[in-house]
Amino acid sequence: MKSDCVNGSGIKNKVLFLLILFTVIATNVVAQKKVDIKHADFLRHNEVKFGADVRVLIGNVEFKHGSALMYCDTAYQYENANRIYAIGNVHIIQNDTLNLWGNTLDYDGQTSLAKVRGDVRLQNKETTLTTEFLDFDRINNIAYYFNDGKTVNKETVLTSKEGYYYPDTEDVFYKDSVEVVNPKYTMFSDTLKYNTITEIARIEGPTFIVSDSNTIYAEDGYYDTAKDFGVLRENAYVEGEQTLYGDTIYYNRNTGLGEVFNSMELHDTINNTIIKGEYGYYNEQTKYALATEDALMIQIYELDTLYLHGDTLQAVPIEEEEGEKLIKAYRHVKYFRRDIQGRCDSMVFDSRDSTNTFYYDPIMWSLGNQLTADVIKMYSKDGVMDRVDLLNRAFIISEEDTGSYNQIKGKEMTGFVKNNELYKIDVNGNAQTIYYPMDDEVVIGLNKAECSNMTIKLKERQLERIIMRVSPNGTMNPTQLVVPENTKLVGFYWLDVFRPKVYTDIFTWEELPKFDRGEDRTEYNLDNTYDDFKE
């Protein structure tokens, strides 16, 4: 029984001790929240005029709350509310590093919220914030303005309708009509975060960065204003002489390099070309560009558009030819336009004369004709094919009827185009032809001819006349007397199964069968091949 009494008394003593301790802690907390008046030249207390709990402090007023010192000309102290209303030359110093000035101050000691109005200036290290209306939460160390504000950090000036400043981290969160002015550019945004130490602006909404050389746009990412480097996301682009688009763009203003990951597009309005790829980059200083991974070149003509695909595409500026360039495609090249289609290993487009040159087993299908050679050069004029050169082992085939083919073969050929149709073909060197002449749309035989050079004239895609030069030789036989093996020239192969029938066919590749064209292929050395580039 005695033991129980002792235990009961011990519990009561512990409870009493905890109550006393809680009271002391609560009293200290209240005491800490009380605004402490340190100095004033005059003190007035007029209960009738100002109220029972109001004291008026006049002249060199100084008061303290926590780690903050506050100064003003005149202050009204509301003791019961633990509130100060200060007027004239308001100055707040927090932690010896942050200074805040204004015309008036409404300070709540319970919440440590300072409402500063009129000619407000906040200085923290190298950052100066000015506005007319500022709320400063001392507990969380956050300053908020809501009616236009300006932040100056070194050479960068930032303005917005609203803003939150975090002195601990030196972050500023800007909203509504954000403008960043730097000697090199001006940034416009709806929402932006900026760190005054790192000088990095984090993009969180539609943002334009405008300079003399280009315009940058993004809706997400960041831009390092000190290093002039940014990561741009969400509908991002860099627009200058050419415009670079991508899902993610790593852009360096110092080097002019924009590296793109996913959905890269480079628009060249001068040459009416677009280069696409899943990965690529463009240097706005050197004008060099590369695209790979589903790389695609779109060449826009007046009446049609050429789509060309290759493993890798390059745009290489031509020295001393401003605005001119070579566009190079490497490996598994296929292209499609309504009037021409083709494939080859490599291609070069020269903007100076709008020439496309196709290398290594090129095949071109145009106007019902299949054209092959070691090299094919296509010339355009006013956006329309004007001429085509077939260099070395030139061969043109057109299907006259099922299983019957008109054929022209020679060392080199030039085909001339008018109104989107071949009307003349010049064959130079070892010219040979097999064709089926017609009378009233009826085949009357098979004509086989050869000479050194010849000119073939066509009308409405039908052979109209052959002019043979130097040692001509030819025969004409009824088709029923011609054995099948004599209906085709050496090196004949009909390859229509490999022709892209629609635009999307350019993204699939089938290996050609191995065949003998009767002569060795001429090898060509392309500058800056893909293998060289990878080095």
Side-chain angles (χ1 to χ4, degrees), residues 29-44 50 53-153 157-174 194-197:
V29 170
V30 173
Q32 287 175 357
K33 286 188 176 180
K34 196 72 175 176
V35 177
D36 183 18
I37 302 299
K38 305 295 290 183
H39 176 82
D41 291 344
F42 302 98
L43 173 63
R44 292 179 181 174
F50 301 111
D53 68 330
V54 179
R55 293 195 299 174
V56 181
L57 308 165
I58 302 172
N60 299 310
V61 180
E62 178 183 348
F63 50 97
K64 187 176 187 299
H65 192 231
S67 61
L69 291 173
M70 307 181 202
Y71 305 88
C72 66
D73 291 339
T74 302
Y76 295 82
Q77 181 186 27
Y78 300 84
E79 292 188 275
N80 293 342
N82 194 22
R83 177 169 163 255
I84 296 288
Y85 184 75
I87 304 171
N89 295 311
V90 172
H91 183 195
I92 301 174
I93 302 174
Q94 171 136 320
N95 298 325
D96 296 325
T97 58
L98 184 146
N99 288 270
L100 176 59
W101 295 271
N103 293 337
T104 65
L105 165 66
D106 186 350
Y107 185 75
D108 188 336
Q110 297 299 113
T111 61
S112 295
L113 179 64
K115 297 181 178 181
V116 185
R117 304 292 183 262
D119 297 326
V120 181
R121 179 163 60 96
L122 185 152
Q123 182 74 47
N124 187 45
K125 299 175 184 176
E126 295 186 14
T127 301
T128 302
L129 188 160
T130 56
T131 183
E132 289 297 311
F133 303 87
L134 183 80
D135 290 353
F136 179 45
D137 181 349
R138 287 189 49 253
I139 297 297
N140 297 301
N141 208 19
I142 300 173
Y144 165 63
Y145 64 85
F146 47 87
N147 191 11
D148 296 327
K150 178 172 73 173
T151 305
V152 178
N153 178 240
V157 179
L158 304 97
T159 58
S160 66
K161 293 290 185 183
E162 299 179 48
Y164 292 84
Y165 176 53
Y166 301 84
D168 288 342
T169 61
E170 292 282 357
D171 286 320
V172 191
F173 181 42
Y174 300 94
Y194 181 78
N195 187 279
T196 60
I197 297 176

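- Side-chain contact between T151 and V157: absent, with no pair of heavy atoms (C-beta onward) separated by less than 4.5 Å.
- Taking a cutoff of 4.0 Å between a charged side-chain nitrogen and a carboxylate oxygen, R83 and D106 qualify as a salt bridge.
- A salt bridge does not link D36 with K64: none of the charged nitrogens is closer than 4.0 Å to a carboxylate oxygen.
- For D137 (side chain) and I139 (main-chain N/O), a donor-acceptor pair under 3.5 Å exists by modelled atom type.
- With N141 as the fixed residue, the side chain to side chain contact (heavy atoms under 4.5 Å, CB included) test singles out one of Y165, F136, Y166: F136.
- Side-chain atoms of N82 come within 3.5 Å of backbone N or O of V35 as a donor-acceptor pair.
- Inspection of the N195 and E170 side chains reveals no N or O donor paired with an N or O acceptor under 3.5 Å.
- Without hydrogens or angle criteria, R138 side chain to H65 main chain gives a donor-acceptor distance under 3.5 Å.
- Of the possible polar contacts, none joining the T127 side chain to the N153 backbone as a donor-acceptor pair under 3.5 Å is found.
- No donor-acceptor distance shorter than 3.5 angstrom exists from the side chain of R55 to the backbone of Y76, with no hydrogens or angles considered.
- For the pairing with F133, the ring pair (Phe, Tyr, Trp, His ring centres under 6.0 Å) check across F146, Y144, Y145 returns one residue only, F146.
- Formation of a donor-acceptor pair under 3.5 Å by the K161 side chain with backbone atoms of Y174 is not found in this model.
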